[in-house]
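Since the structure comes first, as structure tokens, the remarks are kept for the end.
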Amino acid sequence: MTLQEKLSTCSREGKALLATNFYNFETLSGVLQAARARNKSIILQLSESSLQYLGINLAAAMAREALKAYGVEGWLHLDHGSSRDVVHQCLDAGFDSVMIDASEKSFDENVKISREVVKLAASYNANVEAELGYVAKLGQVQQPSQYTQPDEAQRFVEETGVSALAIAIGSAHGFYKETPKLQLDLLLSIHQATPAALVLHGSSGIPDDQLIQAVKNGITKVNLATETKNMFMKTLQSTLRDNDEIDLRKVFPVATASVRKLIEEKLDVVSPR
């Protein structure tokens, strides 16, 4: 099943997929251990910085082989692709899904760029995600004027043909300085305006009750990144504090286990049994 087919099914059934970034084998293993334990499908995401760190082909091969080894249904997705060239490289490497992020450009330019990527991805039968509105980045405050509007979402999807749309409804990338408040009524209106799978970026730190309601109101893909790497690194730092152990094969599994626990908890919220 393609990711666009899976997301379409989730949208019709009022369900969602968890999409989590991985950064090395250990975080990848922790994510897949959790998905296997919960018997849930998962989207594995790689940002451009992770691709630069791991290498596109190596990262793609590792993800595909890990999905087979752990017996998990999953898809590989480019998170926040900045250009057509990067998207093309990922598609050639076998990615199932790509995101083109032209959200900081004008509406018309965003449409033009996203439409070109949809055309490119068609020959690969790959899912395409774009972003409309502005999801605040680390340290920024979301302004109401930057929220995605239902009429614009409808027009954007019709003019581009994207299968998935990341929307701005009050979430932000990175950790929050105060408890976020998602615009759940706005989300419902956007869901009613377009058949595209709606994507929530910046889920790290959003209270569980808001995530649950967001899925009920139309979110079908929930992105998780900051909490995953934070959990891995904080656990690793704690494990190594006042510890003379030099065998990474003994200390890394502790951090991997913490990622597994985090992802299990997120799956229970986003994709309950």
Side-chain angles (χ1 to χ4, degrees), residues 3-4 6-21 40-43 45 77 79-80 99 101 103-104 107 110 129-158 162-228 262-263 265-273:
L3 180 54
Q4 50 269 46
K6 185 71 172 182
L7 289 172
S8 179
T9 299
C10 287
S11 182
R12 289 194 306 270
E13 298 178 351
K15 298 179 180 178
L17 289 174
L18 182 66
T20 183
N21 289 52
K40 292 294 181 181
S41 303
I42 198 95
I43 299 173
Q45 301 197 146
H77 174 75
D79 189 26
H80 288 285
M99 178 189 182
D101 185 0
S103 60
E104 294 189 46
F107 180 90
N110 193 355
E129 175 183 332
E131 183 173 317
L132 183 64
Y134 184 71
V135 179
K137 293 179 172 59
L138 186 64
Q140 296 177 333
V141 177
Q142 182 79 67
Q143 301 297 327
S145 62
Q146 297 170 323
Y147 291 154
T148 307
Q149 297 304 311
D151 57 335
E152 290 191 342
Q154 180 182 32
R155 179 184 160 201
F156 185 88
V157 172
E158 289 175 350
V162 295
S163 301
L165 185 65
I167 56 175
I169 55 169
S171 61
H173 296 102
F175 280 125
Y176 297 92
K177 294 181 179 180
E178 57 185 40
T179 303
K181 183 174 176 55
L182 298 182
Q183 303 302 302
L184 296 168
D185 290 341
L186 175 60
L187 164 59
L188 183 59
S189 295
I190 296 170
H191 178 50
Q192 292 169 341
T194 175
L198 300 181
V199 183
L200 180 67
H201 283 233
S203 77
S204 294
I206 293 178
D208 290 350
D209 62 332
Q210 291 192 47
L211 288 177
I212 291 169
Q213 192 59 51
V215 173
K216 290 181 179 179
N217 284 23
I219 290 295
T220 55
K221 177 174 177 277
V222 177
N223 283 19
L224 181 73
T226 301
E227 277 189 88
T228 303
L262 170 69
I263 301 302
E265 292 170 352
K266 292 295 181 180
L267 284 168
D268 289 342
V269 173
V270 171
S271 183
R273 296 179 185 276

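Computed from a predicted model, the values in this text were never measured in an experiment.
Side chains of Val270 and Ile219 form no contact here, defined as non-hydrogen atoms less than 4.5 Å apart. At least one side-chain heavy atom of Ile190 sits under 4.5 Å from a side-chain heavy atom of Thr148. Considering only heavy atoms from C-beta on, Ser271 stays 4.5 Å or farther from Leu18 through its side chain. At a threshold of 4.5 Å between non-hydrogen side-chain atoms, the residues Glu152 and Arg155 do not count as touching. For the pair Glu129/His201, a side-chain contact is recorded, criterion being any heavy-atom separation below 4.5 Å from C-beta on. Put simply, the side chain of Val162 reaches to within 4.5 Å of the side chain of Phe156, judged on heavy atoms. Inter-residue side-chain proximity for Leu198 and Ile169 is flagged as unmet; no heavy-atom pair is nearer than 4.5 Å. At least one side-chain heavy atom of Leu186 sits less than 4.5 Å from a side-chain heavy atom of Pro150.
In terms of heavy-atom proximity, Val215 sits nearest to Gly14 at CG1-O, 3.6 Å. Nearest heavy atoms, Glu227 versus Leu262: O-CD2, 3.5 Å. Across all non-hydrogen atoms, the minimal contact from Thr194 to Gln154 is CB-CA, 4.4 Å. The two atoms that bring Ala225 and Ser204 nearest to each other are N-OG, 4.0 Å, heavy atoms only. Across all non-hydrogen atoms, the minimal contact from Leu224 to Ser203 is CD1-OG, 3.6 Å. The shortest non-hydrogen separation linking Ala196 to Val157 is CB-CG2, 3.7 Å.
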### Task
Evaluate side-chain contact (heavy atoms from CB on, under 4.5 Å) for Ile263 paired with Leu267, printing each intermediate quantity in order.
CA-CA 6 Å; Ile263 301 302; Leu267 284 168; 4.0 Å; yes
### Message
Between His77 and Lys221, does the side-chain contact (heavy atoms from CB on, under 4.5 Å) criterion hold? Intermediate values first, please.
### Response
CA-CA 12 Å; His77 174 75; Lys221 177 174 177 277; 3.7 Å; yes
### Leu17 and Leu3: CA distance, side-chain angles, deciding distance, side-chain contact (heavy atoms from CB on, under 4.5 Å) verdict
CA-CA 10 Å; Leu17 289 174; Leu3 180 54; 3.8 Å; yes
### Task
Go through Leu182 and Asn217 one step at a time and tell me if the side-chain contact (heavy atoms from CB on, under 4.5 Å) criterion holds.
CA-CA 11 Å; Leu182 298 182; Asn217 284 23; over 6 Å; no
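Distance NZ/Lys181 to CD1/Ile206: 12.5 Å, rounded to 0.5 Å. For the atom pair NE2 of His80 and OG of Ser103, the computed distance is 7.5 Å after rounding to the nearest 0.5 Å. The CG atom of Asp79 sits 8.5 Å away from atom CG of Asp101, with the distance rounded to the nearest 0.5 Å. The distance from the NE2 atom of His191 to the NZ atom of Lys216 is 13.5 Å, given to the nearest 0.5 Å. The CD1 atom of Ile212 sits 10.0 Å away from the CG atom of Asp268 when rounded to the nearest 0.5 Å. Taken to the nearest 0.5 Å, the CD1 atom of Ile167 stands 7.5 Å off from the CG atom of Leu200.
Looking only at distances, a side-chain donor or acceptor of Asn110 sits under 3.5 Å from a matching main-chain atom of Glu131. Checked by atom type and distance alone, the side chain of Lys40 pairs as donor or acceptor with a backbone atom of Pro272 at under 3.5 Å.
The environment of Asp209 atom CG is dense: over 12 non-hydrogen atoms of other residues, nucleotides or ligands sit within 6.0 angstrom.
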